[in-house]
There are 2 protein chains.
Amino acid sequence: MRNDIHTNGAPVLCISCEARDRGVCGALETSQLVELSKSSSRHRLAQGSEVVGECETIEGYSNVLSGVVKLTKTLPDGRQQIVGLQFAPDFLGRPFGKESDLGIEAATEVLLCSFPRSTMERLLEQCPALEKRIFLQTLRELDEARQWMLTLGRKSASEKIATFLLLIARNADPTAAYQHPICFDLPLSRSDIADYLGLTIETVSRQLTKLHADGVIDVHNRRVVISSLERLLSVAGN
Amino acid sequence: MRNDIHTNGAPVLCISCEARDRGVCGALETSQLVELSKSSSRHRLAQGSEVVGECETIEGYSNVLSGVVKLTKTLPDGRQQIVGLQFAPDFLGRPFGKESDLGIEAATEVLLCSFPRSTMERLLEQCPALEKRIFLQTLRELDEARQWMLTLGRKSASEKIATFLLLIARNADPTAAYQHPICFDLPLSRSDIADYLGLTIETVSRQLTKLHADGVIDVHNRRVVISSLERLLSVAGN
DNA sequence: CGCGGCATTGAGATGCGTCAAATGCGGTGG
DNA sequence: CCACCGCATTTGACGCATCTCAATGCCGCG
């Protein structure tokens, strides 16, 4: 492992890694980072591939380096709901064992940095700051889940779509947030969007064309251009 | 503060407190429990009273000793969604500052055991086991939120009602779970139930009478008797 | 060129919301 | 004790948003 004076000896792969400052790895000392990186490995997942099946024990922990991961719940008859989206540099994997009944799947092509369970757990014991980082992410996920419950339970289809577009716009490229008009690619298929919003694909499609007809957005396949952010905000209803 | 040899010197008020073994106080040493109890105070809240307004900084932390607390989200136009229910001995209050945009309200009469923010934060630093307890509760709340997202997004009105009744039945009196027929009082008004399920009060009422007509439950005001647990489970759809 | 997957569009059905009225129940005061 | 009131709940009639089912369009790939 190369030790570069300018990066305080951080592993090369970690030097430019987003997870190192904004993600959980930011909580680690350089020496701990070196240790973790020794047993970490990068994986590229194809769109649609399953990270871990429902109810299975997760084989390890990961950072999302790029792409979007969806967390799903499914009823016995097949109806599905996406209960969370993870973007880079989110942390994936549940501490203290006992994975909940979740499907974890790549919504786009995804790049992961994974660690074995044992290494992570050893570090967790050594390093309270790491546990706190993960705790903070969990609190954020709880906030997001509850915010989405409001959307699922109380918003109309058009409000849901607008809310979703704004969510993606914010995550797609925060630096581009002040470009006008804002444009980005949807990381989800119509079917995934429907599963996220508790709608059908037909309703999703119709609402998108309606927003287009009203001059609020442009849509072509997955490409979205927000023509009027102001009006999109007002449709979203908050 | 009385020190009783049979309880290892735990404060009298804590001796029979549910939060001491099942709640977060279970993580504390006796000496810490004594310290915490010195600055703790019990409050009785009337039904409908607000614990802390949306966006306000919570003035402290609490354990729910009895009753049900609802966590709510509200849209600018007044539409409301209940995003969580807290039963005894759940912990109330968000560590690490920055309360999320939540309304916290007593759904029934509620008994709280509250601590000032400063005491709690000092203990949190001293006692990693306490932080871990709260972390574990947060993980549980996240699971519950996501489970409820599936209910909100993908279940029909009758499935929602059945799911809700089973949820309350499990929380009302776990020891009574094997009595047949199971009976309990709903801790929520029709309006609260509607806000929890993302429905209107009329739909809630109609679905309850339909379940009654189908011989699955008996309802009179808030009293519920589950005549056929098996059928209720099958209506809930999971 | 033709096939398969994804998305759009249309027509019809329906579950749930809306609005309005009736019912029941507890509390208060005469 | 009873009459009255206010509030929560139930019930009914109707409309509409969304779902369902089906057809069509679009595009990449063999």
Side-chain angles (χ1 to χ4, degrees), chain A residues 46-49 70 75 77-82 105-109 151-165 185-214 217-224 235 237, chain B residues 46-48 70 75 77-81 107-109 151-165 185-214 217-224 235 237:
Chain A
Q47 179 179 114
S49 66
K70 54 183 183 179
L75 289 171
D77 63 6
R79 281 174 290 174
Q80 194 171 71
Q81 176 68 43
I82 293 180
E105 210 173 305
T108 63
E109 180 174 274
T151 299
L152 287 174
R154 289 305 187 194
K155 287 191 180 177
S156 69
S158 52
E159 291 171 319
K160 284 177 176 178
I161 292 287
T163 304
F164 170 74
L165 290 175
D185 282 308
L186 293 174
L188 270 57
S189 68
R190 298 292 188 272
S191 169
D192 282 341
I193 298 173
D195 284 349
Y196 195 32
L197 295 170
L199 299 171
T200 60
I201 53 176
E202 294 94 332
T203 300
V204 170
S205 184
R206 276 187 257 267
Q207 294 300 333
L208 284 174
T209 53
K210 184 162 180 301
L211 281 176
H212 178 65
D214 294 349
I217 60 171
D218 276 318
V219 229
H220 296 99
N221 287 323
R222 294 198 171 189
R223 190 80 190 157
V224 175
V235 174
Chain B
Q47 180 180 115
K70 54 182 183 179
L75 289 171
D77 64 5
R79 281 174 289 173
Q80 195 170 69
Q81 176 69 42
T108 63
E109 179 174 275
T151 300
L152 287 173
R154 289 305 187 194
K155 287 190 181 178
S156 68
S158 51
E159 291 170 319
K160 285 177 175 178
I161 292 288
T163 304
F164 170 74
L165 291 174
D185 282 308
L186 292 174
L188 269 57
S189 68
R190 297 293 188 272
S191 170
D192 282 341
I193 297 173
D195 284 348
Y196 195 31
L197 295 171
L199 299 171
T200 59
I201 53 175
E202 294 93 331
T203 300
V204 170
S205 184
R206 275 187 257 268
Q207 295 299 334
L208 285 173
T209 53
K210 183 161 180 303
L211 281 175
H212 178 66
D214 295 349
I217 59 170
D218 276 318
V219 228
H220 295 99
N221 287 323
R222 294 196 170 191
R223 190 81 190 157
V224 175
V235 174

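Just so it is clear: chains get the letters A, B, ... in the order the sequence lines come, proteins before strands, and each one is counted from 1.
Atom pair I193(A):CD1 and dC6(C):P shows a separation of 13 Å (rounding to whole Å applied). Per the geometry, NZ belonging to K210(A) stands 16 Å off C1' belonging to dT9(C), to the nearest Å. Distance, I201(B) CD1 to dA21(C) P: 16 Å, rounded to whole Å. The CZ atom of R223(A) sits 16 Å away from the P atom of dT8(C) (whole-angstrom rounding). Remark: C1' of dC6(C) and NE2 of H220(A) are 16 Å apart, rounded to the nearest angstrom. Rounded to a whole Å, the CD1 atom of I161(B) is 16 Å from the P atom of dG15(C). Rounded to whole Å, the distance from CG on L208(B) to P on dC16(C) is 14 Å. Per the geometry, CG belonging to D185(A) stands 16 Å off C1' belonging to dA7(C), to the nearest Å.
Judged as a side-chain contact (heavy atoms from CB on, under 4.5 Å), and not counting sequence neighbours, the contacts of D218(A) are H212(A), V225(A), S227(A). For T200(B), the side-chain contact (heavy atoms from CB on, under 4.5 Å) test picks out E202(B), T203(B), with sequence neighbours left out. By the side-chain contact (heavy atoms from CB on, under 4.5 Å) test, S189(A) is found to be paired with S191(A), D192(A), R222(A), residues two or more places apart in sequence or in another chain being considered. For the side-chain hydrogen bond (donor to acceptor under 3.5 Å, both in side chains) test, residues two or more places apart in sequence or in another chain that qualify with E109(B) are R44(B).
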Inset, instruction - Between protein and nucleotides 17-26 of chain D, map the contacts as a letter string: B base, S sugar-phosphate only, - none, heavy atoms under 4.0 Å, written 5' to 3'. - result: -SSBB-----
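Residue pairs meeting the salt bridge (Lys or Arg N to Asp or Glu O under 4.0 Å) criterion with at least one partner in residues 152-162 of chain A, sequence neighbours excluded, are R154(A)-D195(B), E159(A)-R79(B).
For S205(A), the listed nucleotide lying nearest its side chain is dT8(C); candidates were dT11(D), dT8(C), dA7(C).
You'll find the side chain of T151(B) stays beyond 4.5 Å of the side chain of F164(B), heavy atoms only.
Side-chain nitrogen and oxygen atoms of T209(B) include at least one within less than 4.0 Å of the OP1 or OP2 phosphate oxygen of dT11(D).
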